[in-house]
Number of protein chains: 2
Amino acid sequence: MIFLYHKIAMEKYSRQRELIYHSLETRKDHPTAEELYLDLKEKMPEIGIATVYRNLSDLCQKGKIIKIKSKYGPDRFDGNLMPHIHFQCEQCNNIVDIELKSEEKEKIDNDLLAVLNKTDAILTTSEILLIGICKQCQNHGMN
Amino acid sequence: MIFLYHKIAMEKYSRQRELIYHSLETRKDHPTAEELYLDLKEKMPEIGIATVYRNLSDLCQKGKIIKIKSKYGPDRFDGNLMPHIHFQCEQCNNIVDIELKSEEKEKIDNDLLAVLNKTDAILTTSEILLIGICKQCQNHGMN
DNA sequence: ATTATAATGATAATCATTATCATTTAAGGA
DNA sequence: TCCTTAAATGATAATGATTATCATTATAAT
């Protein structure tokens, strides 16, 4: 006899997802999927790159991490959910967080909301990317 | 007798580049390379998609147009060089310009500069993308 | 222990973009 | 006008990043 029944789709634990998430939570940089994959392979040699992409994508959809569309090169991932903006160096392509004090964040949000109010859109989120030349690249010149 | 001499690399006119640039200058939306290609093919059936990508890339480097890294889907291109920010609808993926009055732009720039001054970076440019739900999608619900 | 199914890893497939290269075209003399 | 030169083109191969497929494994509940 066969019983057919529904089961609600539920997340099932996996060591891989745990590792991916924990790594992004603790790293301070913003690795690409491949950079993260190569790093995690050291701790877990059997991990596959598809698993990394799959979980990064899932974690983004659940809002647990953020995908950054890099101005140059492939997408990067960020486990920092605190209000912040990004700075990308146009020479070394590195992206660093710029943390915002709550008063700074409010000021910027207010400016942006004032601008958006002219339209009839609902604001979900905003992304600010500053682009320029970082300290190191100013000193070393072009590599 | 053969004379060898240098010639400064100089831009040579092409009907294709003219068409691509003029189209982006006048369009108010932000097409992807492929969308633009399909549109231009109607006026110039012999145009190739490589030519579109090539010229979009060149025009970007010369600062005559802007490449927008879309939150969803492939890159988009923008011929509007006036100070403005973008709004992308997370349901229909459309991107629209939000023009800034010079006082609004100044306010935002000042906020961002204040934040950046904590670092030692030089600011070249900034990109602001607002994400949310546009008027149409609020009315029609999810398609 | 059994069962159901979510998740994985290998890899094929896809999508967007860039590189290659033979041919065409624009521009500037002869 | 006719040459010459090199930039630009268009077709298409190649690449890079990401997603889909699918047989197998691992988790969690009974």
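In what follows, chains are A, B, ... by sequence order, proteins preceding strands, each numbered from 1.
In this structure, Y13(B) reaches the sugar-phosphate backbone alone: every heavy-atom distance under 4.0 Å involves primed, P, OP1 or OP2 atoms, never a base. The residue R54(B) sits close to a base: some heavy atom pair falls under 4.0 Å.
Crowding of K69(A) atom NZ: a count of heavy atoms from other residues, nucleotides or ligands under 6.0 Å exceeding 12.
Counting only heavy atoms from C-beta on, Y53(A) has its side chain closest to dT18(D) among dG9(C), dT18(D), dA7(C). In this structure, of dT27(D), dA16(C), dA7(C), it is dA16(C) that holds the atom nearest to the side chain of E34(B). With dT11(C), dA7(C), dT8(C) as the choices, the nucleotide that has an atom nearest any side-chain atom of A50(A) turns out to be dT11(C). The side chain of Q16(B) has dG10(D) as its nearest neighbour among dT17(C), dG10(D), dA7(C).
Applying the 3.5 Å distance criterion, the base of dA6(D) shares a donor-acceptor pair with the side chain of K12(B).
With respect to the salt-bridge test (charged N to carboxylate O, under 4.0 angstrom), the residues K62(A) and D58(A) do not qualify.
Between A33(B) and S14(B), the residue anchored nearer the 5' end of DNA chain C, judged by the nucleotide with its closest heavy atom, is A33(B). When the nearest nucleotides of DNA chain C are assigned to D58(A) and I49(A) by heavy-atom distance, the more 5′-ward of the two goes with D58(A).
The cluster map of Ile, Leu, Val, Met, Phe, Trp and Tyr, joined by side-chain heavy atoms under 4.5 Å apart, puts L100(A) and I131(B) in different clusters.
Here the straight-line distance linking atom CZ of F87(A) with atom CG of L112(B) works out to 12.0 Å at 0.5 Å rounding.
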